[in-house]
Amino acid sequence: MGWRPDWPACIISGMGLHSLRRTLPTCLLLALAACAHRTASDPLSDAAGDISVKRMRVRQHGTASGPTFWSSVSALDVTAARAQAGTVSERFFTDALSALVDGNVGGAEVLFHTLIADPDPLLRGRARIGMTVALNAQGKWQELAALTTEAPRSSDSIANLVDRAAVDSWAGVLRDVPPVEVNAPVTPQVHPVLGSSIGTPIIKVEVNGHTHYFWLDTGATMSLLATDVAAECGVVPIANDTLAIAAAQGRIAARPAIASLVQIGNVTIRNLPVAVLDPSALRLDKRIANGRIVPVKLDGVIGSDVLRRLSVVLDMGAGTISLARPASHPPKQRTLVWIGFPVVRLLTRNGRPVLFGLDTGADSTIVTDAWMDKTPDPELSLAKGSVDALGAAHAGNLPVLHRVTVGDGEYILRLSGVPIVQERRQTFVALDGVLGADVLAHATLHMDITNGVFAIRAPGVAPFPHDTGFVQAHP
C-alpha cells in the first residue's frame, strides 16, 4: 500500500504499487496498494502458498548495470554509473545517488540541489526527484514546499516524471507543523502482531489514548486514518481544503491532519502527519474462491514514515514484532535503499543482483518482465493471474511463473505461482519485483531502513544481532 501525490492535482494518490506501466514518483507519493491474485481456475491455486525459506549462500556474479549511464542509475549501480558518466553533471548526479544509496540524505540533498536547474531535462528531472526524496527523509516540509514548479521540457515520459515529483499542496499544508518525534527503546521490545485476511501484519496502536488495530504497511509512504477513527481519537484536519487521492476507480477525498500522540507498545510518535480518508476508501476487497469478494476494512495504516525510523523484526509465525531504535553502528554493506519507498538488493539463484520493492500491504509477491532477462530458463505456467486494487480489476490474464527463487545472500526464498507484470518503476529506479505479505507467513524479516538493513530468515532461526543481510563476494 503506497500513496503518492499526482501533480498538478494537489493530491496524494492511494494504494497500489501494482498498476501496469506506471512511473511511480517520489517521497510524497503514496501509491495504491494492489494485491496480486490467482484466479479461481488457476491450476496452481493449491500451490499459491508454496513458499519456503532455506539457508543457502549465494555469491554475487556480475553486476546490475545496464549498457548506458541511465540504465545503471535505474539499477542503483553507482560504480557502473560513475564509469559511464560522460559529463560533469552526470558525475555530480552519481555522487548524489551514491550519497542517497549510502543513507547520507543530507549530502544527497545538497548535491541534487546543484542539478535541479541543469540544462539537461532528463538529468534535471531526476535530480528533482532525488532532492524531494532526500528532503522528505529529513522531514523538511518547508524546503519541499518552497521548491518551484518547473514546466516539462522533454518527452511525455520525462515530463511525467518531473510533474509527479513536483511539490504539491501536502507539503504546503505541512510546512508549519512541528517535526515528527519518535521515541523507541534501545533494547528491542517484543509486541504481538496479527495477520489480516490477506496476510498484511496488524498491530495494536493507540492514537491519542484510543486503541485500534492498524495495518503495518511498508509500501505506504504516509500513515492513514479512517475518518470515523480520526473523529473518535480527536484527530482534526489542519486545513480547510479537501485534497484528492488518486485511486484505481477515480479521485478520493483526503484531509491532512496531525496525530498528536501515536503509541505502539512502548514506542511513541508525536506530531505525526496523517491522511484522513472516508472508511469506504480505506477498504481492500479480497477475492476468494468461487468469485466471492470479501471487503476488508482498515481503521488505519502505519506507513514507512514511522517504520523507517525503527528497527523492525517481524515474525508472523510466532505472532510477534520486535521494535527498537535503529542501531547506532550501521553495517558496512547496505542492502535496503530508501528512495521514498523501500527497495531491497537481492540475488537470483545464479547470483545476479536484482532490485525488489518491499510492500507488506500487498498480499502477493510479483515479478516484472525485467526479471525474465535476469534469471535462467524461467518456467512459465499455463495458469493466468490477475492484479486487483481496492476492488477494481487493474489487470487480468497475466502470465505466471511456476517458481521464483530469490535470496539475500545467506537465505533463499522459493515461491510458486508468481504473476508477471510489465515494467515497474519507483522514482528513477527500475524494479525486478515486489515482495508482498505472502512472504511473511514463511519467513522472519528484519528491516532497518535508517541503516539500510534487510534480511530474511527461516522461522525458528536465532535473532539478528549483527546481521548484514547480504554477502557480496566477487567470483
Side-chain angles (χ1 to χ4, degrees), residues 1-6 10-15 25-31 33 105 132-147 165-184 205-208 210 212 214-227 229-246 252-264 267-278 281-282 298-310 338 340-341 361 449:
M1 200 181 258
W3 296 78
R4 60 173 193 188
D6 252 346
C10 302
I11 61 143
I12 290 186
S13 81
M15 302 179 191
T26 63
C27 51
L28 299 178
L29 299 186
L30 305 184
V105 290
T132 58
V133 170
L135 288 172
N136 179 257
Q138 300 172 86
K140 292 187 174 182
W141 293 106
Q142 292 258 2
E143 290 81 352
L144 275 169
L147 278 178
V167 174
D168 61 310
S169 61
W170 287 81
V173 168
L174 298 174
R175 64 187 304 169
D176 296 322
V177 302
V180 177
E181 298 178 10
V182 177
N183 185 15
V205 176
E206 290 190 9
V207 180
N208 295 338
H210 295 265
H212 285 275
F214 284 17
W215 275 22
L216 193 84
D217 189 352
T218 58
T221 309
M222 192 173 188
S223 294
L224 317 171
L225 279 179
T227 52
V229 175
E232 176 190 338
C233 299
V235 178
V236 180
I238 59 175
N240 294 326
D241 294 338
T242 298
L243 306 180
I245 299 295
I252 300 176
R255 303 287 298 276
I258 301 296
S260 300
L261 177 62
V262 176
Q263 295 173 281
I264 308 171
V267 175
T268 60
I269 307 103
R270 299 183 185 276
N271 309 319
L272 179 67
V274 294
V276 178
L277 307 178
D278 187 272
L282 268 179
L298 290 73
D299 285 343
V301 169
I302 294 296
S304 287
D305 51 346
V306 173
L307 298 176
R308 63 184 171 84
R309 294 175 165 92
L310 298 170
W338 175 254
F341 181 85
I449 293 177

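Residues forming a side chain to side chain contact (heavy atoms under 4.5 Å, CB included) with Ala231 (at least two apart in sequence, or on another chain): none. The side chain to side chain contact (heavy atoms under 4.5 Å, CB included) search around Glu206 returns Thr211, Gln263, not counting sequence neighbours. Partners of Gln142 according to the side-chain hydrogen bond (donor to acceptor under 3.5 Å, both in side chains) rule, which considers only residues two or more places apart in sequence or in another chain, are Asp176. In this view, Asp305 satisfies the salt bridge (Lys or Arg N to Asp or Glu O under 4.0 Å) rule with no residue, not counting sequence neighbours.
Taking each heavy atom of Pro237 and Ala257 in turn, the nearest pair found is CA-CB, 3.9 Å. The heavy-atom pair separating Cys233 from Asn208 by the smallest distance is O-ND2, 2.9 Å.
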- Task: Go through the steps for Val274 and Ile258 under the test side-chain contact (heavy atoms from CB on, under 4.5 Å), then give the verdict.
- Result: CA-CA 6 Å; Val274 294; Ile258 301 296; over 6 Å; no

- Query: Can you list the steps and then say if Glu232 with His212 is a side-chain contact (heavy atoms from CB on, under 4.5 Å)?
  - Reply: CA-CA 10 Å; Glu232 176 190 338; His212 285 275; 3.1 Å; yes

- Item | side-chain contact (heavy atoms from CB on, under 4.5 Å) evaluation trace for Val235 with Leu225 | CA-CA 9 Å; Val235 178; Leu225 279 179; 3.9 Å; yes

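Rounded to the nearest 0.5 angstrom, Leu272 CG and Ser223 OG are separated by 4.5 Å. Here the straight-line distance linking atom CG of Leu174 with atom CG of Leu144 works out to 9.5 Å at 0.5 Å rounding. Here CH2 of Trp141 is found 5.0 Å from CG of Asn136. Values are rounded to the nearest 0.5 Å. Rounding to the nearest 0.5 angstrom, the gap separating the OG1 atom in Thr227 from the CG atom in Asp278 is 5.0 Å. In this structure, Arg270 CZ and Leu261 CG are separated by 5.0 Å, a value rounded to the nearest 0.5 Å. Distance check, rounded to the nearest 0.5 Å: OG1 of Thr218 to CG of Leu216 gives 7.5 Å.
Leu224 pairs in a side-chain contact (heavy atoms from CB on, under 4.5 Å) with only one of the listed residues (Val301, Val229, Leu298), which is Val301.
In this structure, Arg175 places its CZ atom where more than 12 heavy-atom neighbours from other residues, nucleotides or ligands lie under 6.0 Å away.
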Side-chain atoms of residues 177-184: list all donor-acceptor pairs with protein atoms under 3.5 Å, sequence neighbours left out, distances to 0.1 Å.
none

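Residues Ser304 and Met222 fail the side-chain proximity criterion, which asks for heavy atoms closer than 4.5 Å. Here the side chains of Phe214 and Ile264 are not in contact, with every heavy-atom distance at 4.5 Å or above.
The closest donor-acceptor contact from the side chain of Arg308 to the backbone of Trp338 lies at 3.5 Å or more, if one exists at all.
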